[in-house]
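For reference, the structure discussed in these notes is given below.
Note that the numbering runs from 1 along the sequence shown for the chain.
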Amino acid sequence: MEAPMQEPEIVETKTSEAKVPEMNNPTGTITKIQPSTQSQEQWLKYGEQLSGFLGTLPDYAGTFFNKYKQPLIYVGIALGALVAVRVVLAILDALNDIPLVAPSFELIGIGYSAWFIYRYLLKASTRNELTSEITTLKSQVVGKDA
């Protein structure tokens with residue numbers, strides 16, 4: 001024989017309901033909630049400080065640039081050179097992926113090296129000529145006789 005199924009016992013509990021104050025008054029108009037004036041004053045204070053800082057920012061930037069002009073120029077040149085080197089390397093890498101371009105560059109490099117050795121390094125007189133050209137170029141770049 002089968003045992004009769006028992007139905008679960010349902011127990012109702014009564015809770016005290018929290019009363020929410022009505023936002024509307026009895027006439028049907030909406031009551032406005034006023035933000036605290038203290039937070040408004042605090043935001044105005046922050047806004048005045050920020051506008052004062054932004055107003056003096058160009059003066060600070062100009063003074064900073066005038067004081068550190070030379071190091072900033074050096075940093076800018078170094079960053080520009082770094083970017084230029086990266087761009088050139090990216091272009092060479094892209095060219096290297098094209099068939100027959102890499103071997104052509106190698107042949108051109110080998111040919112130029114052979115010409116340079118033949119032109120400047122085989123004879124003593126041409127080595128002296130190369131040394132004088134390097135010295136002249138060095139004095140032009142540095143700006144004094146070295």
What distance do [X] atom [atom1] and [Y] atom [atom2] have between them, rounded to the nearest 0.5 Å?
| X | Y | atom1 | atom2 | result |
| --- | --- | --- | --- | --- |
| Leu130 | Thr135 | CG | OG1 | 9.0 Å |
| Tyr112 | Ile117 | OH | CD1 | 11.0 Å |
| Glu48 | Leu44 | CD | CG | 6.5 Å |
| Glu133 | Thr126 | CD | OG1 | 10.5 Å |
| Ile110 | Glu106 | CD1 | CD | 6.5 Å |
| Leu107 | Leu100 | CG | CG | 10.5 Å |

>> Would you say that Glu129 contacts Arg119 through its side chain, given a criterion of any heavy-atom pair below 4.5 Å between the two side chains?
In response: yes
> In this structure, are over 12 heavy atoms from other groups packed under 6.0 Å from Leu54 atom CG?
Replying inline: yes
>> Aromatic contact between Tyr60 and Phe64, with the criterion being ring centroids under 6.0 Å apart: yes or no?
In response: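 Not under 6.0 Å, so no.
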> What's the verdict on side-chain contact (heavy atoms from CB on, under 4.5 Å) for Leu95 and Phe105, showing C-alpha distance, side-chain angles and the deciding distance?
Replying inline: CA-CA 10 Å; Leu95 286 174; Phe105 282 158; 4.1 Å; yes
>> Could you see if Val87 belongs to whatever hydrophobic cluster contains Ile98? Use Ile, Leu, Val, Met, Phe, Trp, Tyr and a side-chain cutoff under 4.5 Å.
In response: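 In one cluster with Val87: Ile98, yes.
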>> Hydrophobic clusters here meaning ILVMFWY residues chained together by side-chain heavy-atom distances under 4.5 Å, can you tell me if Tyr74 and Tyr68 are in one?
In response: no
> Between the side chain of Asp93 and the main-chain N/O of Leu89, is any donor-acceptor distance below 3.5 Å?
Replying inline: no
>> Please verify the inter-ring angle class for Trp115 with Tyr120; under 30° counts as parallel, over 60° as perpendicular, anything in between as tilted.
In response: perpendicular
